[in-house]
There are 2 protein chains.
Amino acid sequence: MAIKLKDVARQSGYSITTVSRALAGYSDVNEQTRRHIIEVASSLGYQPNLPARQLRIRRTNSLGLVIPARDHSYSNEFFSQLLMGIGDAAAQSGYDLLISAQAPGEAEMACYRRMVGGNLVDGVILVRTRRHDERIAYLSQQQIPFMVFGRAAPGEPCNFSFIDIDSQAAIRALVDHFTGLGHRRIGLILPPEEMAFTPYRLAGYQEGLENAGLPYDPARVVTGDLLRSGGEQGARILLDRDPKITAIIACNDLMALGAMRAIESLNLQVGRDIAVAGYDDIPAAEYAYPSLTTIHQPIYEIGQRLVTLLLDQIEGRNSAHSAVFLPYTLVVRASSGAPRQEGGAQPESS
Amino acid sequence: MAIKLKDVARQSGYSITTVSRALAGYSDVNEQTRRHIIEVASSLGYQPNLPARQLRIRRTNSLGLVIPARDHSYSNEFFSQLLMGIGDAAAQSGYDLLISAQAPGEAEMACYRRMVGGNLVDGVILVRTRRHDERIAYLSQQQIPFMVFGRAAPGEPCNFSFIDIDSQAAIRALVDHFTGLGHRRIGLILPPEEMAFTPYRLAGYQEGLENAGLPYDPARVVTGDLLRSGGEQGARILLDRDPKITAIIACNDLMALGAMRAIESLNLQVGRDIAVAGYDDIPAAEYAYPSLTTIHQPIYEIGQRLVTLLLDQIEGRNSAHSAVFLPYTLVVRASSGAPRQEGGAQPESS
DNA sequence: GTGAAAGCGCTAACAC
DNA sequence: GTGTTAGCGCTTTCAC
């Protein structure tokens, strides 16, 4: 049997109450007494039973996080980096992480209900907002503190605290970059429809084209599944529709790698024949194909800030909704060369 | 106030006891009654208070995992891959993960004591065994189910359940590979002393040399910190001691990348002037420098199996200690070419 | 097949 | 400063 408060009480000659207060650091305990009690407790190797405490005080000192199960994982690298930021910040403030891997769907919602309704966590971090996000609706309704990475889709109410990157500006910057180099036929591989950030990225693409006086052609835009395979298929479709495309922007790095594979399999050379750009997902940029232009997001830092802001809510330091936007970085590598063919002057026809 | 058993009882007209049993799926409840109770419970949105249940039944349905804090993180990629395997397998069996990020040291031990002694977890997964591992000693003594990735150091008792890779054979295979290509001056960058697997890797290196009839020269061996910087420094030292080295084996991929950087900074070419090999840490091999020869471990699968075996212990399916060895794969890429210089026939002198 | 009651280990009124 | 006591919400004898 484990040592409990009662044992420390008996051994030290004080009551359970006094022992509890002494150990909790309350001020109304004689210093003498406290020292003695602490002494006894540590000599007995006392460890408080945490579920009992949690039941009593309705706090757990843990944060909930539901990550996508592998089969549906859009990008491991992204989540691991985020997780490290969240984990480090949480641990530094004395919080544990309660994690469950679930694919979107009913089991995922049940997981949130269990964590939140079951009093397992003091707050929740939610990643990758979806359109009409059921999870956010649930958390708001439960009035539990939570922080979100990613604002709501355009037109939807965004009455919750979040951190986001201006992905619209980021994609626009990529397009500007390419048009600046003379590219005029630029393809885009979008994330799935249901992701809240997808419309922002499309908007950024359109703005970039407009900046350069280029027309928007829906045939240059496809949707991928955020996996390598999605990028590969997407690039195939784009090049099939228009073999004269000179640059492809994928909305995450994994799809960009897939696009590169497709390009190579067509016996074209990435960076010479066709430029490719990605977006964040592989923060360890050093490992990535050096010919990939990409948008870098400070994912680790985002994880840390999510925790900081969440703890502000939990510990009552700030009740207002916060909307934080972090800066991105355009990382240009070898692949963003000028387009290969007939100059860039003449307007294109569809 | 959240709905509790009492509310469901009142609303359904049955006692708390019966409601509890009906919901728990006990057989001694009238089917009629059960249906009615379940109906009422779900209409009220009942969610059991988990800390209360945990207190009562002394089970939490979660598994503990302490990961290294970033500053001390040897390799994020490695841990994220492992985490995904662990997370998926745990979720599939209805377990959550309780995670804390801690650097080795006193706070780390306190974390284990809190999780285990505080009744927060039903079992623990421990990664990267150390020499005289205090964590393992603690867990054994507490008699809590736990699984370890990595056996004990040679000569130390290994009376706990673990999964491991035969890293001795793996390093030997790398050396065999290089000597087979004609390399005769092969450097080795070892992991830190305190890691339990370090001696196995050194032994594999020595065996490989012996296989080829080459002498073992301690000057060809250095220790790194498992980070990129450690590999860079290590390679510098090795090349400083003997500029004629034609191959370097780093004991993880990150150090291998560091070694490559050092080589390039000396205006040598990896794969032509000097061959480089790594070991596991970056499972997403596709992203890695294509000129890296490496040993691949099935890290995701190891994570899954760790959970499977841990649950066997927790749920009483198997009480015996298990020692599982999983196979590695030698992945040969561009860099393992033949040595650059004066042929491979003459024996080397130190 | 169902209910009354005890108790898991802790914290927090409240009394002294 | 310290002790008595109630009770957090659940499961589980035990009685009927």
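Computed from a predicted structure; not experimentally measured. Lettering follows sequence order; numbering is per chain, from 1.
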message: Please check this pair: side chain of B/S12 against backbone of B/A9, looking for a donor-acceptor N/O pair closer than 3.5 Å.
response: yes

message: Using a 3.5 Å distance criterion without hydrogens, assess whether the side chain of B/D164 forms a donor-acceptor pair with backbone atoms of B/R151.
response: yes

Mind checking [X] for me? I need base, sugar-phosphate or nothing, with any heavy atom below 4.0 Å counting as a touch.
X	result
A/D28	base
A/P51	nothing
A/I57	sugar-phosphate
A/R21	base
A/I16	base

task: Inspect the surroundings of CD in A/E315 and state if more than 12 heavy atoms from other residues, nucleotides or ligands are less than 6.0 Å away.
output: yes

Of the listed nucleotides [options], the one nearest the side chain of [X]:
X	options	value
A/R53	D/dG3, C/dC10, C/dG9	C/dC10
B/L55	C/dG1, C/dG9, D/dT2	C/dG9
B/R58	D/dC10, C/dT2, C/dG9	C/dG9
B/T17	C/dT11, C/dA4, D/dT2	C/dA4
B/L5	D/dT11, D/dT2, C/dC10	D/dT11
B/R56	D/dC10, D/dT2, D/dT11	D/dT11

query: Mind checking whether A/Y138 and A/F146 have ring centres under 6.0 Å apart?
result: no

In whole Å, I'd like the distance from the [atom1] atom of [X] to the [atom2] atom of [N].
X	N	atom1	atom2	value
B/E31	C/dT2	CD	P	10 Å
A/Q47	C/dC10	CD	P	11 Å
A/L50	D/dC8	CG	C1'	15 Å
B/R10	C/dA4	CZ	C1'	17 Å
A/R59	C/dA12	CZ	C1'	16 Å
B/L120	C/dC8	CG	C1'	16 Å
B/L23	D/dC10	CG	P	10 Å
B/R34	C/dG1	CZ	C1'	11 Å

Are [X] and [N] close enough that a side-chain N or O sits under 4.0 Å from OP1 or OP2?
X	N	answer
A/Y14	D/dT4	no
B/S20	D/dT11	yes
A/S15	D/dG3	yes
B/Y26	C/dT2	no

message: Classify the ring geometry of A/F78 against A/F149: parallel below 30°, tilted from 30° to 60°, perpendicular beyond 60°.
response: parallel

query: Going by an N to O cut-off under 4.0 Å, is there a salt bridge joining B/R10 and B/D7?
result: yes

- prompt: Should the pair A/E108-A/R130 be classified as a salt bridge under the 4.0 Å nitrogen-to-oxygen rule?
  reply: yes

message: How bent is the helix from C/dG1-D/dC16 to C/dC16-D/dG1, measuring the angle between the end axes built from five pairs each, rounded to 10°?
response: 40°

message: So, applying side chain to side chain contact (heavy atoms under 4.5 Å, CB included) with A/S62, which one of A/L50, A/D122, A/D96, A/L120 is it?
response: A/D96

